[in-house]
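FYI, side chains are in, hydrogens and waters are out, and symmetry mates aren't considered; it's all heavy atoms of this structure. Every number for a ligand or one of its atoms is a count from 1 in the order of the listing.
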Amino acid sequence: MQSESSHYDFVVIGAGIAGASVAAELAADADVLLLEAESQPGYHSTGRSAAMYVPAYGPPAIRALTRASGPFFQSPPDGFSETPLLHQRNILMIAREDQRDATAEFIADAGGDVALQMVEGDGLAAVQPLLRSGYATHGVIDSSGSEIDVNALHRGFLRLMKSRGGRLVTGRPVATLRRAAGIWHISAGDREFRTPVIINAAGAWADEIGRMAGAEVIGLVPKRRTAVMIAAPPDIDSDRMPMTIDMEEGFYLKPESGQFLVSPANEDPMPPCDVQPDELDVAICLDRIERAFDMPISRPQSKWAGLRSFVADKTPVAGFSDVVDGFFWLAGQGGYGIQTSPALARVAACLAQRMALPSDIVAEGVNVDMLVPARLQSGVPVSDYLV
Ligand SMILES: Cc1cc2nc3c(=O)[nH]c(=O)nc-3n(C[C@H](O)[C@H](O)[C@H](O)COP(=O)(O)OP(=O)(O)OC[C@H]3O[C@@H](n4cnc5c(N)ncnc54)[C@H](O)[C@@H]3O)c2cc1C
């Protein structure tokens, strides 16, 4: 092993959106190292998302964090990004007659947070002209959705971190963690780094990093989601169409520069890995799209899969371990880690520095108890969730 070893106030493990954003926040007041296993940051979940900001999506804590992130997306700090981070994109939730109960549930759940507009029968065709006649009987339009420029957001956080004196080291997978006399010794590749506080932002690998540290297991379950790009019909203006989602999330279709990103919205549990799309999922996806939409389905132009990692209550974990000192969890962002990243990073940076949460985020309904790892030790049986 090389003799060089460096000391930091915080070492953040994982340079996806979670690690990059919290490292940028922490670097305002502290010496920060952001440590990434891959040669490029953003190679895993962050680089594989559907890039949507949907304030009506997810459990209450997610919706609160998403709302609290809105002002950052609308006006990021000077120099953060040369291009806007958000581009407005309506969301259309579609439903068959047998999904009326699901529609009522969705409206009861999300209707308090965002303005929703119900459309019935022919009104649907006006909003989504590609819908197959007779497939859906009604829909709900949510005009609070946007597309996120994920690359600009991720690069913006990395740039902000560096401008504040933080350091990014890539291509160094953390292999062992050892704590002695109040200091973590982190061996990563041929290097050793030291810090009193580790921030575990390792995405699907967060429980593995926790095990290395001797921390509690949070019961993280990485779930594969598959995405496929197909050509949009040439004679339509697809870019003006809403992102169209099955009311029970059986599939979605999102316009993207003359193509459609389609997904069967699958959630297949699997170990953390460089996940690849499964051909069966691709076939299921195209079948569901063909049933709902009246258009020629071309051969996929590209396809990929990514992991969405959840704990039992589908709410992120942000807080210090109760088992080992100086070990901070930032994990379990599931399918919402991009849209919640600005607010969640501020929350995590405050908690890691043992400061009170920012008042604007508390005002949206976020509190410490909904995020701390201790909530997972008593309550929801994780085994039920895995079935
Ligand atoms: C198909 C799909 C669609 C999605 N759509 C959306 C969406 O529309 N909106 C939204 O908000 N979210 C969406 N998500 C979810 C979002 O992508 C994730 O919540 C988010 O990217 C998680 O970020 P992360 O930084 O925690 O994880 P990651 O991006 O996976 O980063 C974790 C990093 O930790 C590193 N790491 C792991 N182990 C080690 C180690 N031992 N040493 C050093 N580094 C390590 C990994 O290499 C990785 O780079 C989607 C996800 C998928 C898969």
Side-chain angles (χ1 to χ4, degrees), residues 11-23 33-55 57-58 62 65-66 69 73 89 91 145-148 150 153-154 157 168-177 186-189 193 198-213 220 222-228 243 245 252 254 261-268 272-275 277 281 285 303-310 314 316-318 329-342 344-345 348:
V11 172
V12 180
I13 301 177
I17 199 70
S21 54
V22 75
L33 171 69
L34 178 58
L35 201 45
E36 169 56 45
E38 303 289 349
S39 56
Q40 285 295 320
Y43 174 75
H44 290 287
S45 301
T46 296
R48 307 180 191 202
S49 87
M52 287 301 294
Y53 174 89
V54 187
Y57 191 37
I62 291 293
L65 286 162
T66 304
S69 296
F73 281 119
R89 168 82 62 198
I91 311 290
S146 292
E147 286 173 27
I148 305 171
V150 178
L153 180 69
H154 191 215
F157 280 129
L168 170 67
V169 170
T170 57
R172 297 281 197 288
V174 171
T176 63
L177 300 173
I186 303 170
S187 115
F193 303 99
I198 286 173
I199 310 283
N200 176 12
W205 289 264
D207 257 340
E208 285 197 355
I209 297 292
R211 267 186 214 104
M212 272 185 213
L220 194 67
K223 296 186 167 189
R224 178 178 57 203
R225 177 155 288 189
T226 305
V228 182
M243 178 174 185
I245 309 177
Y252 60 75
K254 179 193 164 200
L261 186 167
V262 294
S263 172
N266 51 324
E267 295 196 332
D268 315 315
C273 62
D274 183 1
V275 65
D281 290 338
C285 175
K303 54 196 165 187
W304 69 91
L307 295 173
R308 302 157 81 247
S309 299
F310 296 92
K314 294 200 156 189
V317 183
W329 291 94
L330 181 56
Q333 294 86 342
Y336 329 99
I338 314 288
Q339 65 180 37
T340 54
S341 58
L344 189 56

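Looking at Ala206, Pro272, Ala202, Ser39, it is Ala202 that brings a heavy atom closest to atom 37 (C) of ligand 1.
Between the side chain of Arg89 and the backbone N or O of Lys254 there is no donor-acceptor pair closer than 3.5 Å. Ser45 places a side-chain N or O within donor-acceptor distance of the main-chain N or O of Leu307, the cut-off being under 3.5 Å. Not one N or O on the side chain of Ser146 forms a donor-acceptor pair closer than 3.5 Å with the backbone of Tyr53. Remark: the backbone N or O of Tyr43 is not paired with any side-chain donor or acceptor of Glu38 at under 3.5 angstrom. No donor-acceptor pair closer than 3.5 Å links the side chain of His154 to the backbone N or O of Ile338.
Within the 4.5 Å cutoff, the side chain of Asp281 has heavy atoms near those of the Arg224 side chain. At least one side-chain heavy atom of Leu65 sits under 4.5 Å from a side-chain heavy atom of Pro316. Taking 4.5 Å as the limit, every side-chain heavy atom of Cys285 sits out of range of all side-chain heavy atoms of Thr226.
Polar contact check, Ile148 against ligand 1: no nitrogen or oxygen pair lies under 3.5 Å apart. Backbone and side-chain nitrogen or oxygen atoms of Ala37 are examined, and one is located within less than 3.5 angstrom of a nitrogen or oxygen of ligand 1. Taking any N or O of Ile17, backbone or side chain, at least one lies under 3.5 Å from an N or O belonging to ligand 1.
The protein atom (non-hydrogen) at minimum distance from atom 27 (O) of ligand 1 is Gly203 CA, 3.6 Å. Nearest protein heavy-atom neighbour of atom 5 (N) of ligand 1: Ala50 N, 2.9 Å. Arg308 CG, 3.5 Å is the protein heavy atom nearest to atom 51 (C) of ligand 1. Scanning the protein heavy atoms around atom 8 (O) of ligand 1, the nearest turns out to be Met52 N, 2.8 Å. Distance from atom 10 (C) of ligand 1 to its nearest protein heavy atom, with residue and atom name: Gly335 O, 3.4 Å. Considering only non-hydrogen protein atoms, atom 23 (O) of ligand 1 sits nearest to Thr46 OG1, 3.4 Å. Regarding atom 31 (O) of ligand 1, its nearest protein heavy-atom neighbour is Gly16 CA, 3.5 Å. With hydrogens left out, the protein atom closest to atom 42 (N) of ligand 1 is Val174 N, 2.9 Å, a heavy atom.
Contacts between Ala305 and ligand 1, counted as non-hydrogen atom pairs separated by less than 4.0 Å, are absent for every part of the residue. When non-hydrogen atoms are compared, ligand 1 lies under 4.0 Å from neither the backbone nor the side chain of Ala20. Looking at Val54 against ligand 1, nothing comes within 4.0 Å, counting heavy atoms. Proximity of Arg48 to ligand 1, defined as any heavy-atom pair under 4.0 Å, is confined to the backbone N, CA, C and O atoms. Of all the heavy atoms of Thr226, none lies under 4.0 Å from any atom of ligand 1, so neither backbone nor side chain is involved.
Salt bridge annotation for Glu267-Arg225: present, with a cationic side-chain nitrogen under 4.0 angstrom from a carboxylate oxygen.
For Tyr43, the closest heavy-atom approach to ligand 1 does not fall below 4.0 Å. For Ala227, the closest heavy-atom approach to ligand 1 does not fall below 4.0 Å. Contact analysis puts Gly334 in contact with ligand 1, with a non-hydrogen atom separation below 4.0 angstrom.
Counting atoms of ligand 1 from 1 in the listed order, those under 4.0 Å from a heavy atom of Glu36 are 33 (C), 34 (O), 35 (C), 43 (C), 44 (N), 46 (C), 47 (O), 48 (C), 49 (O).
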